[in-house]
Amino acid sequence: MTNPHADKIIDGKGFAEALRGRIGENVTRIKDAHGLTPGLAVVLVGDDPASQVYVRNKGKAAAEAGITATDHRLDDSTSQAELLALVEQLNNDPAVHGILVQLPVPNQIDPNAVIDAIAPGKDVDGFHVINTGRLATGQMTGPDAAMVPCTPLGCRMMLEDRLGDLSGLDAVVLGRSNIVGKPMAALLTQASCTVTIAHSRTKDLADVCRRADILVAAVGRPQMVQGDWIKPGAAVIDVGINRIAAPTEDDPNKMRLVGDVDFESAIEVAGAITPVPGGVGPMTIACLLANTVTAACRQNGIDPPVW
Ligand code: GUN
């Protein structure tokens, strides 16, 4: 049976495939015109299984787009000094335009010290305080523009694709993380939305969410946002990726992925909504590739593509 609300679904997977196609075309063009091949270095410390999957997917997607991806796998017992030495080596390598250190890192390493050590122009995650500051102050063009964190960048692209001009809309960002919530709020502010950052301590959280024309959920609580938290017709972007138990008779240990939004009730009310999986996740990887190409262009005095 086809879903009667199918046209409400924002197809992040399809959108990401199209974006990756455009990235591949631009990589070819830049190679032909400038002899430049964008390079991405991905660093993984330790053997966390989820991180291994993410890192493998990033490397594969980069290679498919024609970006040179180099993997650096370091032992779980790697010291902070050793990791910083690798980052320094990558900072000085002209064939490396983007550096990504997969988080979390083991306890003996301070993640902020590592992020601070990455050259801001090569910080394709957009986590360095220089990039945070450039985003907050709206420095978005030119050789020293902000590198924008991948997940919020992908969310904004999908929102603009679906809604067009976002100016004047009420946006509620549920979650205040440095990786998603705060940069998402900065991007929506730049797009002239009226932005509220809500979180676990917000009073009357459901009422606050119900005011939103755009609701971005990034709290890491499975299915927290219910249909009756959503304003009819609102655009809902679900950043959550949570694994919950979904036992069946055949497999009592079966798990399934859900977002921070209760999709079944939310799609009845929302005007547009991203599914989990197949929504925000694929766009994050595509935006990492876009950021790598942007970084390569800026480092070589080439105008970056407009994604
Ligand atoms: N761990 C989970 N998400 C991310 C991400 O976007 N970038 C990095 N570097 N590590 C992560």
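Atoms within a ligand are numbered from 1 in the order they appear, just like the ligands themselves.
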Going by side-chain heavy atoms closer than 4.5 Å, which hydrophobic residues are tied to Ile267, directly or by a chain of links? Ile9, Val172, Leu174, Leu205, Val208, Leu215, Val219, Met224, Val225, Trp229, Ile230, Val236, Val261, Phe263, Val269, Ile273
Any salt bridge linking Asp207 with Arg210? Criterion: basic side-chain nitrogen under 4.0 Å from a carboxylate oxygen. yes
Identify all side-chain donor-acceptor contacts of residues 16-23 below 3.5 Å with residues at least two apart in sequence or on another chain.
{"from": "Arg20", "atom 1": "NH2", "to": "Glu64", "atom 2": "OE1", "distance (Å)": "2.7"}
{"from": "Arg22", "atom 1": "NH2", "to": "Trp307", "atom 2": "O", "distance (Å)": "3.1"}

When you look for protein heavy atoms under 4.0 Å from ligand 1, which residues do they belong to? Leu100, Val101, Gln102, Leu103, Asp125, Phe127
Got a donor-acceptor contact below 3.5 angstrom from the Ser265 side chain to the Gly227 backbone? yes
In the hydrophobic clustering that connects Ile, Leu, Val, Met, Phe, Trp and Tyr at side-chain heavy-atom distances below 4.5 Å, which members other than Val129 occupy its cluster, ordered by chain and number? none
Check whether any side-chain N or O of Lys122 sits under 3.5 Å from a backbone N or O of Leu90 as a donor-acceptor pair, and report yes or no. yes
